[in-house]
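Written below as structure tokens is the structure these notes are about.
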Amino acid sequence: MAMHEPRIYDALGRPLRDLRISMTDRCNFRCSYCMPAEIFDSNFKFLPRKELLSFEEIHRLIQQFIAVAGIKKIRITGGEPLMRNDLSRFIEMVNQIEEINDIAMTTNGSLLRKHAKALKQAGLDRVTISLDSLNSELFEKINGRGVTVATVLDGIEAAQEAGLKVKMNMVVQRGVNENDILPMAKFFREKGIILRFIEFMDVGNSNGWKLDQVVSKKEIFSIINKEMPIEPIEANYKGEVATRYRYKGSNDEIGIISSVTDAFCSTCSRARLSADGKIYTCLFAFGGTDIRGPLREGATDKELQDIIVNTWQKRGDRYSEERLNNTDKREIKKIEMSHIGG
Ligand code: SAM
Ligand code: SF4
Ligand code: SF4
């Protein structure tokens, strides 16, 4: 994919290219590694409606990101983005922005049967659907809400029927679903869908992360390679998070996202906008820059752009690289992934 010329750089010389927007901090799943049910229970205080950016506010902010950084691609995430009412209307608004040529969404897939058609019609191009196992009993336990594998597979089908491009994400946890690596690889290869394995990360503070629960990129590679030989292929573009492989003798592709054992901070070019209007410059950030306040107090476009530029220019985050040498970093209070958007 051709990349635009970046316009602003951070303190470590990395451009701002990508924007991920969290539409809500709520989710209909309680994945143990993201929103464990013991913590995100009925007493948990999710953001009240008035604290969420409205579609119009997000739309205005996207335009400021375009003005300063020439952003062309938007990824919508959460929480579960499809928990946000009327999301198609928002997609339609983004689709009308001339400069944006790619709108993608990350979703748990459970609500796609209901929404895929409308999302596609509104202008959504791609979905990344998360699924951690084909064993329904295990998957129902992982998602904490008893949602079956069949429901997600049906969501995948609905997305394909609607004409959306589909990729899959699988978070691999040792002792939980490492035995599902091969069945998942085979199943999605047969379906012609790219599957990306994600190393279990220590995002937020609630998932009780330990390094020995991470199944490394090297291990994932060798588990697949033993059965179905694979070879690395070139990245689509600089800063792509997944290392790409293809099954030898074919064009069938898989990816591994090795945020823990082989950090890619040096090429990380994404900004995240949380549902309550904070800009985060790292997935592992412990604080964000509030842009909703100034927006609601009547800031001009130029003032909003200055906030984005200043936030990016002072960015020095390289959490995953630092974690490799210094595990104490984990003591810092971070923002939960469901808030910041994965
Ligand atoms: N709810 C949507 C979903 O699950 O696809 C979108 C938001 S979710 C936070 C985005 C992605 O982050 C998902 O693919 C999820 O599996 C991944 N994720 C969440 N917690 C993670 C963790 N601790 N380590 C690695 N990936 C994680
Ligand atoms: Fe929800 Fe996605 Fe987090 Fe699972 S990973 S709890 S589906 S936001
Ligand atoms: Fe980017 Fe932060 Fe992840 Fe490094 S740790 S790749 S800076 S989001």
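As the structure lists them, so they are numbered: ligands from 1, and atoms in each ligand from 1. Because the structure is predicted, anything quoted here is derived from the model rather than measured.
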Test item, Gly79 contacting ligand 1 (heavy atom, 4.0 angstrom): yes
Give a yes/no verdict on whether any heavy atom in Met170 is under 4.0 Å from an atom of ligand 1. no
How far is [atom] from its nearest protein heavy atom, and which residue and atom is that?
{"atom": "atom 8 (S) of ligand 3", "result": "Leu283 N, 3.2 Å"}
{"atom": "atom 4 (Fe) of ligand 2", "result": "Cys31 SG, 2.3 Å"}
{"atom": "atom 7 (S) of ligand 3", "result": "Asp317 O, 3.6 Å"}
{"atom": "atom 1 (Fe) of ligand 3", "result": "Cys268 SG, 2.4 Å"}
{"atom": "atom 2 (Fe) of ligand 3", "result": "Cys282 SG, 2.2 Å"}
{"atom": "atom 3 (Fe) of ligand 2", "result": "Cys34 SG, 2.4 Å"}

Is the shortest distance from a Lys or Arg side-chain nitrogen in Glu56 or Arg89 to a carboxylate oxygen in the other one below 4.0 Å? yes
Would you say Cys27 has an N, O or S atom lying under 2.8 Å from atom 1 (Fe) of ligand 2?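 It does; at least one qualifying atom falls short of 2.8 Å.
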For ligand 1, which atoms sit closer than 4.0 Å to a heavy atom of Phe200? 23 (N), 24 (N)
Of the backbone atoms (N, CA, C, O) and the side-chain heavy atoms from C-beta on, which set of Thr128 has a member under 4.0 Å from an atom of ligand 1: side chain, backbone, both, or neither?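 Within the 4.0 Å criterion, Thr128 makes no contact with ligand 1.
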Can you tell which part of Thr106 has a heavy atom less than 4.0 Å from ligand 1: side chain, backbone, both or neither? both
Kindly work out whether a path of hydrophobic side-chain contacts (I/L/V/M/F/W/Y, heavy atoms less than 4.5 Å apart) joins Phe55 to Ile21.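 Phe55 clusters together with Ile21.
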Let me know which of Thr106, Ile58, Ile91 forms a side-chain contact (heavy atoms from CB on, under 4.5 Å) with Ile76. Ile91
Taking Arg244 for the side chain and Glu234 for the main chain, is one N or O donor matched with an acceptor at less than 3.5 Å?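 Yes, Arg244 side chain to Glu234 backbone: donor-acceptor pair under 3.5 Å.
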